[in-house]
A.B. asks: 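I'd like to ask some things about the structure below.
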2 protein chains.
Amino acid sequence: MKRVSLKDIARIAGVSPSTVSFVLNGKAKQMRISETLASKIMEVAKKEGYHPNPVAVSLRTGKSQILGLVVETISGNFFASLSRIIEEEAARFGYKIVYTSTENNRQKGKELIGMLSQRQVDGYIITPTPGMEQDIKELIADNKPVVLMDSYFPGIDVPHVLVNNYEGVMKGMSHMIEKGYRRIGFVTVDLNLVQMEERLKAYQDAMQKEGLSTDNLVLTLKYEEEKEKEIGIQQVTSFLKNTPDLEAVFFATNYLGLLGLESIHRLGLKLPDDLAMIVFDDHDVFRLYPPGITCIRQPAEEIAKTALELLMDQLGKGNNNLGGETKLEISPGLVIRGTTEYLPKVNK
Amino acid sequence: MKRVSLKDIARIAGVSPSTVSFVLNGKAKQMRISETLASKIMEVAKKEGYHPNPVAVSLRTGKSQILGLVVETISGNFFASLSRIIEEEAARFGYKIVYTSTENNRQKGKELIGMLSQRQVDGYIITPTPGMEQDIKELIADNKPVVLMDSYFPGIDVPHVLVNNYEGVMKGMSHMIEKGYRRIGFVTVDLNLVQMEERLKAYQDAMQKEGLSTDNLVLTLKYEEEKEKEIGIQQVTSFLKNTPDLEAVFFATNYLGLLGLESIHRLGLKLPDDLAMIVFDDHDVFRLYPPGITCIRQPAEEIAKTALELLMDQLGKGNNNLGGETKLEISPGLVIRGTTEYLPKVNK
DNA sequence: CTGAAAGCGCTTACAG
DNA sequence: CTGAAAGCGCTTACAG
């Protein structure tokens, strides 16, 4: 059962391949092909079950209708959500997604060059990690359509869409402060990424605005250590134990929040009576969790959709309704598990 | 900055394209090309930064080095884990992954035909859902390499790899029974899939073996209703409330477990004192959860790796160390959150 | 209005 | 040992 080719259709319809191609690509009237002939060709194509070979089209046109998606890790709710939505949306524009996760590359020292070298993708959506700057610059220099998600490099002028980290943390801090919390700790990681800096800054600003000191209230884990789960837990545990009068802790990432949960569990602390917790959540992980935790939730759907639109803009598709924007910040939602009642006032 | 082509390399090296092709494809000595010439060509290629155009290779050879991955939903820990591992492993064999989720298709009535019609993939790894039988048959008839994951159709002879559902539930039930639980409920969904049947059967067999009745202890949600989260929760809630002397509940899927948690929360029941819970977990979702829950965990990594190996076998790669096996069942792990101490004996 | 021809970048019989 | 040539299945100037 061989596939029927365009040439087959031409033969059967008794016309030349070019005519078939024009008709099938909707250029019939542009080429002034008679309605009669056009519809006859359409019919034959349909009857024979003709589907153009995308590989041949790609070779000829230089377009593959495939987008490269580079995420940190496909497992993990946030990135999985992003991927799912991007795939859905891309399909609407006739694009497929091939994805690569960078988690190994970073460790094995492999770059996403491997990805780049396969230049059969029409565009890239990338969640940047430190050290990827060079690769992205090459892409840009190569005139490849690129959109960054979740983070960006201040030095590189490329469209990116991410949650408004500063505003998110601010919202969360305001909420905590309003609830009466004063001694609020902040646990972060020394990843050299803008979003981490923004989050820390917002925390500091929020505290300062209230005239609250942040001395000894910030724990910054080393990135390498953080990944050693046990080491991370011990550092957080020690931080929680040795910080006097701690009333609440803000975890700057979802992963840190998990470390925090384990620490709290080990210390036998009760949420939120002994300690309240607030997390800049990757996504909706904490929906599983019992009350006593406040989450800043990132709107994965909005981020993903926007990123794809920005890419479509570059590819000349889409509605261009985003104009010349190259940076979009999306306000985060504030999610509180179990309603705010679970975050009691603190007796000062 | 145009890409260098094979022809360019040939010109620069002063040989014909064929020679370059042979050398670069490691057929130098097979074609009796002199070492000197070969290494010279290699050098030029390297110096010019030559990378073969995969699209051209694909058109010529009919192979794309791309595998199609069809999962139910990419968001969701289990499938995300599967995807990640498959991507990793596939990369080792030089394959990329393009994936499609079926969650929409099912609803919108679209089949994965869209996927099929793009026949530029070399093989398929598919998580089957009801109604996909016909598509899979076509693939087989078309001689496409296919491996099913997580489920299979008894009527179709195609390699598949999944967890041993029966044994998994058996293990879990034995554990509960050993702990002293007798009135154990079972919540499932009327999905017409082998794995669901196996799970129910194991529950029934386990109970029967102990001479325990299962009358009124099984709740089967309608698939459509299950998806309406609120309806599902209400049904489970009502089941929990109206089943007298219920000591424990076995949830047949992860999603059902989530409904169960919400129900338990709403009823104000305390885990595991008022009610113990056991879940056939999609993956490691419940690692987040507090003690009192027992999980049957599916070994995503093993499943994914095995599936890929089976596919590589069909593609003529790999080690063929799986022989002629076309069905692999993997024993599930039994994971108990917070150690078994959290599952107290029941006073009968 | 329509067809013959070139060419996208490779691979691989085939002929020396 | 090496090169000229065909061909994978399309698209698109170009010539009628």
Side-chain angles (χ1 to χ4, degrees), chain A residues 1-42 44-45 48-66 94 117-122, chain B residues 1-42 44-45 48-66 94 117-122:
Chain A
M1 186 160 84
K2 264 195 68 200
R3 284 191 66 175
V4 286
S5 72
L6 184 144
K7 216 185 282 180
D8 295 329
I9 303 300
R11 194 171 26 74
I12 295 169
V15 297
S16 85
S18 2
T19 310
V20 176
S21 175
F22 288 135
V23 169
L24 263 30
N25 288 325
K27 296 183 183 165
K29 66 182 62 127
Q30 188 182 325
M31 289 292 124
R32 309 202 202 176
I33 291 164
S34 70
E35 291 262 347
T36 335
L37 220 198
S39 57
K40 177 185 172 193
I41 290 171
M42 297 284 257
V44 173
E48 300 293 325
Y50 172 70
H51 290 285
N53 179 334
V55 175
V57 174
S58 176
L59 179 59
R60 180 59 229 239
T61 63
K63 303 293 173 197
S64 64
Q65 299 298 102
I66 295 179
S117 80
Q118 130 205 340
R119 308 213 181 212
Q120 84 248 63
V121 305
D122 293 347
Chain B
M1 185 160 88
K2 264 195 64 200
R3 284 191 67 176
V4 285
S5 72
L6 184 145
K7 217 186 281 182
D8 295 330
I9 303 300
R11 196 173 23 77
I12 296 170
V15 296
S16 86
S18 3
T19 310
V20 176
S21 175
F22 288 136
V23 170
L24 263 29
N25 288 324
K27 297 184 183 166
K29 67 184 61 126
Q30 187 182 325
M31 289 292 124
R32 309 200 203 179
I33 291 164
S34 71
E35 291 263 347
T36 335
L37 221 200
S39 57
K40 179 186 173 193
I41 290 172
M42 297 284 256
V44 173
E48 300 293 325
Y50 172 71
H51 290 285
N53 179 333
V55 175
V57 174
S58 176
L59 179 59
R60 181 59 230 239
T61 62
K63 303 293 172 196
S64 66
Q65 299 298 104
I66 295 179
S117 80
Q118 128 206 342
R119 308 212 181 213
Q120 83 247 66
V121 305
D122 292 347

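Below, read A as the first sequence line, B as the second, and so on, with proteins coming before strands; counting in each chain starts at 1.
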A.B. asks: Considering only C:dG9, C:dT11, D:dT11, which nucleotide approaches the side chain of B:V57 most closely?
C.D. replies: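 So the side chain of B:V57 is nearest to C:dT11.
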A.B. asks: What is the separation between atom CD1 on A:I33 and atom P on D:dT12, rounded to the nearest whole Å?
C.D. replies: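 The distance from CD1 of A:I33 to P of D:dT12 comes to 13 Å, rounded to the nearest Å.
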A.B. asks: Using the C1' atom as the reference point in each nucleotide, state the distance between D:dG16 and D:dT12 in Å, no decimals.
C.D. replies: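 Rounded to whole Å, the distance is 16 Å.
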A.B. asks: Give none if C:dG16 has no partner; otherwise give the nucleotide forming a Watson-Crick or G-U wobble pair with it, both distances under 3.5 Å.
C.D. replies: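 Checking every strand shown, C:dG16 finds its partner in D:dC1, with both distances under 3.5 Å.
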A.B. asks: Could you tell me whether the side chain of B:D122 and the main chain of B:Q65 form a donor-acceptor pair under 3.5 Å?
C.D. replies: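 Yes.
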A.B. asks: Scan A:S21 against the nucleic acid and name what it touches under 4.0 Å (heavy atoms): base, sugar-phosphate only, or nothing.
C.D. replies: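 Answer is base: heavy atoms of A:S21 come under 4.0 Å of a base.
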A.B. asks: What is the distance from CZ of B:R32 to C1' of C:dG16, rounded to the nearest Å?
C.D. replies: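 Distance, rounded to whole Å: 14 Å.
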A.B. asks: Let's see if you can work this out: which of D:dT2, C:dC10, D:dT12 has an atom nearest to the side-chain heavy atoms of B:L37?
C.D. replies: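 My answer, after comparing the listed nucleotides, is D:dT2.
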A.B. asks: Just the rounded figure in Å: distance from C1' of C:dT12 to CG of B:N25.
C.D. replies: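 Answer to the nearest Å: 10 Å.
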A.B. asks: How many whole angstroms separate atom NE2 of A:H51 from atom C1' of D:dG9?
C.D. replies: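 So the two atoms are 15 Å apart, to the nearest Å.
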A.B. asks: Are a donor atom and an acceptor atom from the side chains of A:S21 and A:S18 found within less than 3.5 Å of each other?
C.D. replies: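 No - no donor-acceptor pair under 3.5 Å links their side chains.
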A.B. asks: Report the nucleotide, chosen from C:dT12, C:dG9, C:dT11, that has the shortest atom-to-atom distance to any side-chain atom of B:L6.
C.D. replies: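 The answer is C:dT11, which lies nearest to the side chain.
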A.B. asks: How many Å lie between CZ on B:R11 and C1' on D:dG3, as a whole number?
C.D. replies: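 Nearest whole value for this atom pair: 17 Å.
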A.B. asks: Can you check the B:K27 NZ to C:dC10 P distance for me, whole Å?
C.D. replies: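 The answer, rounded to whole Å, is 15 Å.
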A.B. asks: For the side chain of A:Y50, counting heavy atoms from C-beta on, which of C:dC1, D:dC10, C:dG9 is nearest?
C.D. replies: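 The listed nucleotide nearest to A:Y50's side chain is D:dC10.
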A.B. asks: I need the B:S58 OG to B:I66 CD1 distance, nearest 0.5 Å.
C.D. replies: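 Taking OG in B:S58 and CD1 in B:I66, the distance rounds to 7.0 Å.
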A.B. asks: B:V15 side chain: which of D:dG3, D:dG9, C:dT11 is closest?
C.D. replies: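 Looking only at side-chain atoms, B:V15 lies closest to D:dG3.
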A.B. asks: Mind calculating the distance between CD (B:Q30) and P (C:dT11) to the nearest angstrom?
C.D. replies: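 Taking CD of B:Q30 and P of C:dT11, I get 14 Å after rounding.
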A.B. asks: Once you round it to whole Å, what is the distance between P of D:dG9 and CD of A:E48?
C.D. replies: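 Result: 16 Å.
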A.B. asks: Give the nucleotide from the list C:dT2, D:dG3, D:dC10 with an atom nearest to the side chain of B:T19.
C.D. replies: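 In terms of side-chain proximity for B:T19, the closest of C:dT2, D:dG3, D:dC10 is D:dG3.
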A.B. asks: Tell me, do B:V20 and B:V15 make a side-chain contact under 4.5 Å, heavy atoms counted?
C.D. replies: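 Yes. Closest side-chain heavy atoms under 4.5 Å.
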A.B. asks: Which of the following nucleotides, C:dC10, D:dG3, D:dT12, is nearest to the side chain of B:S5?
C.D. replies: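 For B:S5, the side-chain atoms sit closest to C:dC10.
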A.B. asks: Could you measure the distance from the NZ atom of A:K27 to the CZ atom of A:R32? Nearest 0.5 Å is fine.
C.D. replies: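 That separation rounds to 16.0 Å.
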A.B. asks: Evaluate the side-chain proximity of A:D8 to A:E48: yes if any heavy-atom separation is below 4.5 Å, no if none is.
C.D. replies: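 They are not in side-chain contact.
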A.B. asks: Report the residue (B:A56 or A:P17) whose heavy-atom-nearest nucleotide on DNA chain D is the more 5′ of the two.
C.D. replies: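 Whichever sits nearer the 5' end wins; that is B:A56.
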A.B. asks: By nearest atom, which of the nucleotides C:dT2, C:dG9, D:dT12 is closest to the A:S18 side chain?
C.D. replies: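 The nucleotide sitting nearest to the side chain is D:dT12.
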A.B. asks: Consider the side chain of A:F22, meaning its heavy atoms from C-beta on, and name the nucleotide among D:dG3, C:dG9, D:dA13 that approaches it most closely.
C.D. replies: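 Of all the options, the side chain of A:F22 is nearest to D:dA13.
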